[in-house]
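These notes are about the structure you will find just below.
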Amino acid sequence: MNDWRQNLLNWYEANKRDLPWRNIKDPYKIWLSEVILQQTRVNQGWEYYLRFIKNYPTVSDLAAASEQDVLKLWQGLGYYSRARNLHAAAHTIVKEYEGKFPAKFESIRALKGVGDYTAGAIASIAFNLNYPAVDGNVMRVYSRLFGITTAIDSTNGKKQMNELAVELLPAKNPGTYNQAVMELGAMVCLPSNPQCESCPVQQACYAFLHKNMLDFPVKQGKTKVRNRYLNYIVIVQKDSILIRLRKSKDIWHGLHDFPVVETDRPITQAKFLKDKKWNEVVLLRNPVLKDVSEEYVHLLSHQKLFARFYLLEIVNGKMELPADSFWIKINDLENYAVPKLIDLYIRKKILK
DNA sequence: AAGGCGGGGGA
DNA sequence: TCCCCAGCCTT
């Protein structure tokens with residue numbers, strides 16, 4: 001191999017970052033790191049990876065844990081289906097493969113939460129199998145290198161990108177090559193500030209030679225943000241607090257929060273109190289309003305959350321509870337996985 | 001093919 | 001503000 005790819009590999013050997021999951025062959029740890037890094041920056045996932053390895057050194061340890069404990073360890077990282085799928089896949093590996101990580105691409109790809117990218121990454125890095133690992137970095141690098149104008153978020157674009165990645169994959173050390181392309185995308189071929197002057201493959205790069213790096217990759221793109229107004233009812237009785245498990249397909253599935261009255265437009269504090277809006281969720285006899293929090297604004301990818309917390313104290317315990325809610329001791333709050341937003345409120349107002 | 005799913009950081 | 005991150009799953 002005597003083309004730009006050799007320059008890339010040389011550059012990679014000389015400049016690669018020292019990451020906790022580098023120079024490791026244990027497929028379990030490779031898998032864990034890849035799932036953590038889905039749509040997540042290295043810096044953000046770093047400590048989570050170390051924590052998971054420490055708490056669950058093997059796939060059997062992970063499978064033996066409760067889902068809530070796994071979610072708790074994942075708390076704050078986002079995209080919680082990753083944690084639920086990780087836990088489910090650990091069970092699969094223990095039951096179907098006797099705790100030994102499957103070594104075939106199709107078997108890896110069939111695990112919950114493992115798509116084409118992750119399966120390719122595990123197969124090539126942990127098992128030295130000849131599969132590409134095409135992530136956002138790779139698509140940005142290749143689209144610039146070859147001047148590809150097919151939108152990368154279209155079915156066609158992904159197909160084209162994958163075929164290209166298969167063609168370019170060297171026969172030897174596919175895992176190293178895959179990581180080299182990704183590393184280039186993460187360190188040099190940046191989205192808005194590409195460092196072309198220090199790029200090992202600039203002389204082969206279409207976008208560099210045409211000075212239009214920022215035109216790539218092409219995307220169809222479209223993100224609309226929905227506003228949601230969450231009026232949380234926080235009910236405390238002595239040393240207990242009422243929480244509930246979030247179940248639906250909505251955000252934070254599997255995590256806990258409080259009974260909530262939700263609207264798609266703002267509702268004033270005064271109206272909320274005057275209309276005793278909490279009765280839409282939980283029927284209370286004589287609640288005592290202890291505190292109304294300021295508005296917490298929480299910006300997510302697809303929705304903007306405006307949350308306010310109404311802290312009520314129940315003196316004479318007559319009420320009808322929402323079906324999914326239950327009492328826990330305030331001191332046990334830390335054992336339940338909660339969204340970032342709820343965690344902020346709890347630390348500030350409940351545990352203070 | 002399109003939309004949902006978190007949270008953080010950089011421009 | 002908007003974009004993007006070592007994507008995946010459901011509809």
Side-chain angles (χ1 to χ4, degrees), chain A residues 12 16-17 19-22 30-49 71 74-86 88-89 108-122 124-125 132-141 151-159 161-162 165 175 177-187 189-194 214 216-217 219-226 228 246 248-255 257 296-305 337-344:
Chain A
Y12 177 65
K16 64 182 173 188
R17 291 169 289 181
L19 307 176
W21 48 86
R22 283 261 161 88
I30 303 292
W31 168 51
L32 176 63
S33 72
E34 291 301 340
V35 173
I36 286 177
L37 292 175
Q38 288 167 5
Q39 292 294 285
T40 304
R41 308 206 179 225
V42 164
N43 284 343
Q44 195 186 354
W46 190 297
E47 290 301 322
Y48 283 87
Y49 172 81
L71 281 168
W74 198 272
Q75 180 176 310
L77 198 52
Y79 283 151
Y80 297 94
S81 65
R82 291 184 292 171
R84 299 196 309 271
N85 289 334
L86 191 75
I108 299 169
R109 178 64 178 81
L111 295 171
K112 281 194 178 183
V114 175
D116 287 334
Y117 162 74
T118 304
I122 297 172
S124 64
I125 298 172
V134 182
D135 71 340
N137 287 313
V138 175
M139 290 193 282
R140 185 171 56 255
V141 169
I152 62 168
D153 53 352
S154 67
T155 304
N156 213 334
K158 285 181 193 133
K159 181 164 171 281
M161 202 54 81
N162 204 60
Y177 174 81
N178 284 336
Q179 293 182 81
V181 183
M182 289 189 278
E183 191 81 348
L184 187 73
M187 305 293 290
C189 196
L190 305 175
S192 61
N193 248 349
L214 298 190
F216 303 97
K219 292 192 178 182
Q220 305 179 140
K222 53 187 157 282
T223 41
K224 36 179 181 275
V225 175
R226 169 170 69 124
R228 296 173 71 173
R246 295 186 65 95
S248 62
K249 293 170 189 161
D250 202 353
I251 55 172
W252 303 329
H253 176 105
L255 277 64
D257 61 358
Y296 289 66
V297 182
H298 203 71
L299 186 60
L300 303 179
S301 302
H302 304 284
Q303 30 191 304
K304 188 171 184 179
L305 306 179
V338 299
K340 196 76 180 177
L341 178 63
I342 304 298
D343 192 53
L344 285 176

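Lettering follows sequence order; numbering is per chain, from 1. Atom set for the values below is all heavy atoms of this structure, side chains included, hydrogens, waters and symmetry mates excluded.
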Atom pair distance, as rounded to whole Å: [atom1] in [X] and [atom2] in [N]:
X        : N     : atom1 : atom2 : answer
A:Asn85  : C:dG7 : CG    : C1'   : 12 Å
A:Asp116 : C:dA6 : CG    : C1'   : 15 Å
A:Leu184 : C:dC5 : CG    : P     : 14 Å
A:Tyr79  : B:dG7 : OH    : P     : 10 Å

Open item on the list: Measuring only the P atom in each nucleotide, how far is B:dG9 from C:dC8? A whole number of Å is fine.
Closed with: 23 Å
- [ ] Under a 3.5 Å limit for both distances, which nucleotide forms a Watson-Crick or G-U wobble pair with C:dC9, could you say?
- [x] B:dG3
- [ ] Could you check A:Lys112 against A:Glu34 and say which one's nearest nucleotide on DNA chain C is further toward the 5' end?
- [x] A:Glu34
Task: 5′-ward residue of the pair A:Leu19/A:Leu299 relative to DNA chain C - done: A:Leu299
Please classify the nucleic acid contact of [X] as base, sugar-phosphate, or nothing, using heavy-atom distances under 4.0 Å.
X        : answer
A:Val42  : base
A:Ser81  : nothing
A:Lys158 : nothing

Task: Under-4.0 Å side-chain N/O to phosphate OP1/OP2 contact, A:His298 with B:dG7 - done: yes
Review item, nucleotides 1-4 of chain B N/O atoms under 3.5 Å of protein N/O:
from, atom 1, to, atom 2, distance (Å)
B:dA1, OP2, A:Thr155, OG1, 2.1

